[in-house]
Amino acid sequence: MSTIGTPSQPSVTVAAGKPAVETTSWWAIKWKEIKARKHSYILMSPYMLLFAVFTVLPVIMSVIISFTYFNMLEFPRFIGWQNYSRLFLEDDVFLVAIKNTILFAVITGPLSYMACFVFAWIINDLRPKLRAFMTLIFYAPSISGNVYFLWQMIFSGDRYGIANGFLIKMGVLLDPIQWLKTEQYIMPIIILVQLWLSLGTGFLAFIAGLQTVDKTLYEAGAVDGIKNRWQELWYITLPSMKPQLMFGAVIQITSSLAIADVSIYLAGFPSVNYAAETIVTHLIDFGTIRFEMGYASAIATVLFTLMVGTNLVVQRLLRRVGE
Amino acid sequence: MRLALPIRKRRVNRSFSGTFWMFVLLAAVAAFMALPLVYAINAAFKPLDEIFLFPPTLFVRHPTTSNFIDLMTLLGQSWVPFSRYIFNTFFITGMGVVGHVLLASAAAYPLAKHKFPGSKIIFTVVVLSLMFTPQVTAIPNYMVMSWIGLIDTYWAVIVPAFAFSLGLYLMKQFMEQIPDALLESAKIDGANEYRIFWQIVMPNVKPAWLTLVILLFQMLWGTDGNGFIYSEQLKTLHYASNQIIFGGIARAGVGSAVALILMSVPIALFVFSQSRIIETMTTSGMKD
């Protein structure tokens, strides 16, 4: 941390009759620092005010509301842990949602995280023009917006759908399959589309991180007896970009636990026999359709805990990379 | 293997077959990634008889611009003039992007370069907020907005975008690499904090601006204001396009045209700013 910009500290003025000890108390020191730094606070205040109102306050409210019965019309009524016990003990659909979410997260999270890294790693070895082109190919899906529409056309239930048409022509199928209305196909399709979409910010961070790795380390490594590219990867590349790995993990975990849009657009809402229900679609169901705000907030709180918990565990694991 | 040559020259410890299989993998996955996009481009130029051709084709045989012409005709008949949707989207996107870049930069500068009581806690909360999605706070967010009276205005989408936490995070990480000596010399020359921020720091973080612009643009461009905006006159291009896309078989071709137009804007923006964005991302890392 730098110390520039610190205005010259005025010498401690001791008010008449007061002991000098008081001015050096912890609070007095802090207060002086705060006054000396008032411009920092002024610069930060507009952003922080909005951040507090639209991010911090809603999280706190969500946790508080989760302990109440609240239907948006009457004043919330405190009911303790009832929402949570109902969630875990009585709500069968929520258990399906948890199962689906964890399945999505366990498959798409690590897979897309590794895909982000592996493809960034391969692309990094390409020549600049080709590297820029490949980066675009891999990153474009995550920024192209209206993409669900494309996948709906591909997995359309009639013979004009690309997947059906192709398989019928190949002779694999005789009749078109209702891909998005058949329980057993819904999950794999959503996982596929989610993977397609997931090479986003984390991927860019990895590409960038690889470019910052000190090239002389590789030469030094070769002298020290590193034999092949896998050893090079584990002992030099990965440890050098630990900060990016951490950042990528946060982004990837969060997006893989929050799958909802893909499910809603492809499988419908609600999906056939709740086959594609996730924690977030369950939350949307109770929050915007049934108006059980206390219950929906309990779902949100569970999701938030799950995300922060997973992040902490994964970050602890990542610290061991290259050891 | 044309590609393999320069690599083998640069580093000794590589095997040829390893390089070969890695590029096969890269090519295969790249094809999968590109397939839907290639399909989208082709579908937009297909005449009606090709859209419902069996077996379906990936590439267009007799390209036509009739889908785009139909789109124009269709737009001329809509209840709210189409230019209104365009204006709404540009207004929301423009205001949101400019406001976010300014506010997030102003907040990032003290966090990156000054030490003051509370700075660590504030940054920890920002990092923590990267770990949840908007859905977690959707309900209280709605309540807060209705208290402030933002529901059914553009600002319900714009104002929360100002406080997007990923942008602040990336900007702060990028600002940390500005040399302290530069700021100190400005200080000695008598510049106050605001001048240093505006005349020294801001011009030095141009790549980070562009990154924030892209991230926010992408987020706001795709928004349909769902749940916050109800008036038809205030709705966005994305919303209007959904109406066209899901409007039935007769409009299948038009839908493809709309999808292509909508997705090409953020992609084009990324193409022009790619190197700057990567430069920003080099500093994105999270230290313990």
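The chains referred to below are lettered A, B, ... by the order of the sequence lines, with proteins before strands, and numbering in each begins at 1.
Atom CG of A/Leu197 and atom CE of B/Met33 lie 8.0 Å apart (nearest 0.5 Å). Expressed to the nearest 0.5 Å, how far NE2 of A/His39 lies from CD1 of B/Ile196 amounts to 10.0 Å. The distance from atom CZ of A/Phe304 to atom OG1 of B/Thr137, rounded to the nearest 0.5 Å, is 9.5 Å. Remark: A/Thr254 OG1 to B/Met131 CE distance equals 7.0 Å, nearest 0.5 Å. Note: B/Lys113 NZ to A/Ser40 OG = 13.0 Å, rounded to the nearest 0.5 Å. With values rounded to the nearest 0.5 angstrom, B/Leu130 atom CG is found 12.0 Å from A/Met307 atom CE.
Between chain A and the residues B/Val125, B/Leu128, B/Val271, B/Val29, the largest count of heavy-atom pairs under 4.5 Å involves B/Val29. Your options are B/Tyr39, B/Phe162, B/Phe217, and the one with the most heavy-atom pairs under 4.5 Å with chain A is B/Tyr39. Interface check for chain B: of the options A/Val59, A/Thr310, A/Ile154, A/Ile279, the most heavy-atom pairs under 4.5 Å are formed by A/Val59. The choice from B/His100, B/Met143, B/Glu279 that makes the most heavy-atom pairs within less than 4.5 Å of chain A is B/Met143.
Contacts of B/Ile139 with chain A are made by side-chain atoms alone, with heavy-atom separations under 4.5 Å and no backbone atom involved. No part of A/Ala52 comes within reach of chain B, as not one of its non-hydrogen atoms sits under 4.5 angstrom from that chain. At a 4.5 Å heavy-atom cutoff, B/Val127 makes no contact with chain A through either its backbone or its side chain. Proximity to chain B is limited to the side chain of A/Phe70, based on heavy atoms less than 4.5 angstrom apart. Of the atoms belonging to B/Leu35, not a single heavy atom falls under 4.5 Å from chain A. Looking at A/Thr135, the atoms closer than 4.5 Å to chain B (heavy atoms on both sides) sit in the backbone and in the side chain alike. Contacts between B/Leu150 and chain A at a heavy-atom distance below 4.5 Å involve the side chain alone, from C-beta outward. When heavy atoms are compared at a cutoff of 4.5 Å, B/Ile148 approaches chain A solely by way of its side chain, counted from C-beta outward. Residue contact with chain A, scored on non-hydrogen atoms closer than 4.5 Å, involves the side chain of B/Ile277 exclusively. The contact between B/Val144 and chain A is made entirely by side chain atoms (from C-beta outward), counting heavy-atom distances below 4.5 Å. Only the side chain of A/Val280 comes within less than 4.5 Å of a heavy atom of chain B; its backbone N, CA, C and O stay farther away. Proximity to chain A involves both the backbone and the side chain of B/Ser284, based on heavy atoms less than 4.5 angstrom apart. Contact of A/Leu57 with chain B is made through the side chain alone, with heavy-atom distances under 4.5 Å. Only the side chain of A/Thr212 comes within contact range of chain B, with heavy atoms under 4.5 Å apart.
Partners of A/Tyr139 under the ring pair (Phe, Tyr, Trp, His ring centres under 6.0 Å) rule, at least two apart in sequence or in another chain, are B/Phe270. With sequence neighbours left out, the side chain to side chain donor-acceptor pair (under 3.5 Å) criterion links A/Tyr295 to A/Asp91.
Side-chain contact between A/Val118 and B/Met22: absent, with no pair of heavy atoms (C-beta onward) separated by less than 4.5 Å. In this structure, A/Phe51 and B/Ile122 have side chains that are not in contact, with every pair of non-hydrogen atoms separated by 4.5 Å or more. Between B/Tyr109 and A/Met44 the shortest side-chain heavy-atom distance does not fall below 4.5 Å. Taking 4.5 Å as the limit, some side-chain heavy atom of A/Leu192 sits within range of a side-chain heavy atom of B/Phe32. Between B/Leu166 and A/Ile251 the shortest side-chain heavy-atom distance falls below 4.5 Å. Under the 4.5 Å side-chain criterion, counting only non-hydrogen atoms from C-beta, B/Leu26 is in contact with A/Phe138.
Here the shortest heavy-atom pairing between B/Ile267 and A/Ile143 reads CA-CD1, 4.0 Å. Closest approach of B/Pro117 to A/Ile34, counting heavy atoms only: CG-CG1, 3.6 Å. Considering all non-hydrogen atoms of both residues, A/Ala208 and B/Ile278 come closest at CB-O, 3.2 Å. Contact record, A/Tyr47 with B/Ser165: OH-CA, 3.4 Å, taken as the closest heavy-atom pair. What you find for A/Ala132 and B/Gln274 is that their closest heavy atoms are O-NE2, 3.1 Å. Heavy-atom minimum distance, A/Ile137 versus B/Ala30: CG2-O, 3.7 Å.
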Steps toward ring-ring contact (aromatic ring centres under 6.0 Å, His included) verdict (A/Phe247, B/Tyr169):
CA-CA 10 Å; A/Phe247 175 70; B/Tyr169 175 81; 5.3 Å; yes
For B/Phe116 and A/Tyr41, what are the C-alpha separation, side-chain angles and deciding distance, and is it a ring-ring contact (aromatic ring centres under 6.0 Å, His included)?
CA-CA 9 Å; B/Phe116 54 87; A/Tyr41 293 104; 5.0 Å; yes
Could you walk me through whether B/Met281 and A/Thr201 pass the side chain to side chain contact (heavy atoms under 4.5 Å, CB included) test, one step at a time?
CA-CA 9 Å; B/Met281 291 287 171; A/Thr201 315; 3.7 Å; yes
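Between the side chain of A/Gln211 and the main chain of B/Thr282, no donor-acceptor pair closer than 3.5 Å is present.
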